[in-house]
There are 2 protein chains.
Amino acid sequence: MARKSKKEAEQTRQQIIEAARTVFQRHGVAQSTLEQVANVAGLSRGAVYWHFRNKSELFHAMRADVLEPMIGRVDAVLFDEGYADPLDAIEAALRELFLVLDESATLRQVLEIMVLRCEQVDELVALQAEVERPGDAFLQKVERVYHRAALHGSLAAGLQPAALALDTWIFVSGLLHKLIARGFDAYLSGEVGGMIELHMRLRRRVNLSGC
Amino acid sequence: MARKSKKEAEQTRQQIIEAARTVFQRHGVAQSTLEQVANVAGLSRGAVYWHFRNKSELFHAMRADVLEPMIGRVDAVLFDEGYADPLDAIEAALRELFLVLDESATLRQVLEIMVLRCEQVDELVALQAEVERPGDAFLQKVERVYHRAALHGSLAAGLQPAALALDTWIFVSGLLHKLIARGFDAYLSGEVGGMIELHMRLRRRVNLSGC
DNA sequence: GGGTTTATACATTCAGACGTGTATGTATAA
DNA sequence: TTATACATACACGTCTGAATGTATAAACCC
């Protein structure tokens with residue numbers, strides 16, 4: 001009824017986005033109504049239409065800037081020169097990735113919506129490209145570090161950096177999908193550390209001292 | 001207008017399912033209309049409602065019995081006693097899995113719909129369980145074979161069958177998702193064989209003859 | 001700084017399109 | 001003769017987007 005101050009308006013905008021996360025997660029993006037979003041936010045549909053042109057724009061606003069912090073933190077570890085072995089940097093980066101997920105419930109929620117509760121089609125088709133792009137970038141970054149590992153001599157014999165990077169990327173993607181599908185349950189989450197350790201151990205040059 | 005024979009009726013039922021695959025893949029399940037399905041099938045909505053109670057039932061009919069042949073063929077290879085090394089059986093089973101995918105365009109289409117073009121929620125929530133179940137079963141089967149490999153002495157040192165099975169399952173899941181996301185493009189499809197080979201090679205006991 | 005104006009931040013209302021499910025019609029296979 | 005395999009028609013609810021209303025924060029003016 002009454003006009004709010006700019007700060008309050010920005011706050012209601014965030015309320016709407018938060019409500020959208022809740023509603024999208026519960027009913028799926030396509031099945032969700034802007035009235036449901038408005039109700040959960042304690043507002044009217046008019047407020048939603050004031051801040052966003054339609055559901056599609058609200059969806060994109062919801063997922064904007066949730067991936068960047070994850071990517072930034074992982075890259076920081078991946079390219080950290082402090083590790084004696086490049087393989088250690090990759091292993092630490094993988095751990096960092098799932099640590100970020102563990103810390104941010106919002107990120108988990110948005111990822112679940114993007115993977116399970118959203119039909120990747122039509123207007124949201126841009127989404128697919130935006131989801132793929134960070135992945136491809138990650139693939140290339142990891143490949144560079146694997147290359148450094150090869151030069152460093154820490155790779156097991158006969159392993160090609162390109163193939164290893166693709167395999168690691170598949171591993172990360174698969175693990176992410178599995179965690180999301182299981183709702184980040186405690187069991188699988190507890191296994192993540194060990195799986196990363198195993199994944200990297202398989203790539204390391206075996207210690208031949210006992211041979 | 002005219003009543004069809006039973007055979008013709010079954011044929012139109014298949015036409016509807018085929019049209020549903022086309023429409024669902026293009027627009028997403030939630031955004032698809034039964035009229036769109038009817039149009040693509042060259043029928044009226046009445047025909048669709050005659051054969052299926054609603055969109056949900058049509059969806060379930062569409063995906064019924066598309067996974068079974070895949071599971072059956074993979075299991076047949078996985079449990080084939082003819083392989084000298086259990087790890088060879090696992091590797092062959094993985095190849096068989098992606099060979100089935102390569103052979104059946106319908107299976108690829110349905111998988112794409114289930115993974116990308118469908119909001120896993122509400123009535124379709126049963127879907128998630130049905131997608132997970134074969135996966136869990138696969139996990140257990142692979143674990144048993146890894147166990148046999150351990151007894152057979154073909155596993156590299158320090159590797160636990162349970163962890164390996166989980167890792168292989170993650171690998172398969174990740175590779176599947178990646179292929180689907182890329183629309184089974186030629187590049188990635190060509191890499192599959194090499195990736196499977198790499199995945200299994202990392203688990204095999206290294207030949208110490210040159211040591 | 002006080003009064004006026006204006007743009008803002010919503011709430012409410014409305015028309016229209018759309019999709020669903022069912023009811024009805026109908027020619028024909030059984 | 002009857003049940004089947006559809007096509008057609010209808011009633012209903014629902015969601016959208018825009019139009020309108022409105023109280024007030026903010027900008028402007030003196």
Side-chain angles (χ1 to χ4, degrees), chain A residues 1-62 113 117-119 121-124, chain B residues 1-62 113 117-119 121-124:
Chain A
M1 332 221 176
R3 182 183 172 185
K4 308 280 187 64
S5 72
K6 287 212 166 186
K7 275 203 170 177
E8 288 171 317
E10 176 56 29
Q11 190 179 329
T12 64
R13 192 188 131 96
Q14 291 303 321
Q15 279 178 30
I16 294 172
I17 290 181
E18 188 179 336
R21 273 190 273 117
T22 301
V23 174
F24 287 170
Q25 184 180 23
R26 190 172 307 163
H27 303 288
V29 176
Q31 304 287 354
S32 293
T33 300
L34 290 188
E35 191 165 9
Q36 295 174 332
V37 174
N39 286 343
V40 170
L43 299 166
S44 75
R45 251 175 68 243
V48 178
Y49 274 100
W50 170 256
H51 286 281
F52 308 95
R53 218 181 310 159
N54 47 37
K55 200 207 292 186
S56 180
E57 194 177 303
L58 171 58
F59 176 79
H60 284 289
M62 179 201 72
I113 291 169
R117 318 290 191 222
C118 153
E119 298 180 351
V121 81
D122 291 341
E123 315 153 26
L124 306 181
Chain B
M1 326 217 180
R3 182 183 172 187
K4 310 278 187 64
S5 72
K6 288 212 165 184
K7 273 202 172 178
E8 288 170 318
E10 176 56 28
Q11 190 178 330
T12 63
R13 191 189 131 97
Q14 290 302 320
Q15 279 178 28
I16 294 172
I17 290 180
E18 188 179 334
R21 271 190 273 118
T22 302
V23 175
F24 287 170
Q25 183 180 24
R26 190 173 306 161
H27 303 288
V29 177
Q31 305 287 352
S32 294
T33 299
L34 290 188
E35 191 165 10
Q36 294 174 333
V37 173
N39 287 344
V40 170
L43 299 166
S44 74
R45 254 174 66 245
V48 179
Y49 275 101
W50 171 256
H51 286 282
F52 308 95
R53 218 182 309 160
N54 48 37
K55 200 207 294 185
S56 180
E57 194 177 302
L58 171 57
F59 175 80
H60 284 289
M62 179 202 72
I113 291 169
R117 318 288 192 223
C118 154
E119 297 180 350
V121 80
D122 290 342
E123 316 155 25
L124 307 180

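These numbers come from the heavy atoms of this one structure, side chains and all, not from hydrogens, waters or symmetry mates. Just so we're on the same page: letters track the sequence lines, and every chain starts at 1.
- The distance from atom CD of B/Q31 to atom C1' of C/dC18 is 12 Å, rounded to the nearest whole Å.
- Phosphate contact (OP1/OP2 of D/dC6, side-chain N/O of B/T12, threshold under 4.0 Å): present.
- Across all strands shown, C/dA27 is found opposite D/dT4 as a Watson-Crick or G-U wobble partner, with both distances under 3.5 Å.
- In the set C/dG21, D/dA5, C/dC10, C/dC10 carries the atom at the smallest distance from any side-chain atom of A/K4.
- Between A/E35 and B/L43, the residue whose closest nucleotide on DNA chain D is further toward the 5' end is B/L43.
- Closest non-hydrogen pair, B/F52 versus B/R13, comes out as CE2-NH1, 3.5 Å.
- What separates CG of A/N39 from P of C/dA11 is a distance of 11 Å, to the nearest Å.
- The nearest pair of heavy atoms linking A/H27 to B/E119 is O-OE1, 3.9 Å.
- One atom, CZ of B/R53, and another, C1' of C/dT20, lie 15 Å apart when rounded to the nearest Å.
- Remark: side-chain polar atoms of B/T33 are not paired, donor with acceptor, to backbone N or O of B/E35 under 3.5 angstrom.
- The CD1 atom of A/I16 sits 12 Å away from the P atom of C/dA9 (whole-angstrom rounding).
- Scanning both residues, B/E57 and B/H51, for their nearest heavy atoms gives OE2-O, 4.2 Å.
- A/H51 places its NE2 atom 17 Å from the P atom of D/dG17, with the value rounded to the nearest Å.
- Between the CD atom of B/E10 and the C1' atom of D/dA5 there is a distance of 13 Å, rounded to whole Å.
- If you measure from atom CH2 of B/W50 to atom P of C/dT22, you get 14 Å, rounded to the nearest angstrom.
- Positionally, the nearest nucleotide of DNA chain C for B/G46 lies more toward the 5' end than for the other of B/E8 and B/G46.
- Rounded to whole Å, the distance from NZ on A/K7 to C1' on D/dT24 is 19 Å.
- Across all non-hydrogen atoms, the minimal contact from B/I16 to B/A47 is CD1-O, 3.9 Å.
- Of the listed nucleotides (D/dT16, C/dG21, D/dT4), D/dT16 has the atom at the smallest distance from the side chain of A/T33.
- Minimum atom distance to the side chain of A/K6 is reached by D/dA26, of the listed C/dA11, D/dA26, D/dC6.
- Out of D/dG17, C/dA29, D/dA26, the shortest distance to the side chain of B/S5 is found at C/dA29.
- Closest approach to the A/R45 side chain among C/dA9, C/dT13, D/dT8 is made by C/dT13 (side chain taken as heavy atoms from C-beta onward).
- The side chain of B/K55 lies closest to C/dT20 when the candidates are C/dA29, C/dT20, D/dC6.
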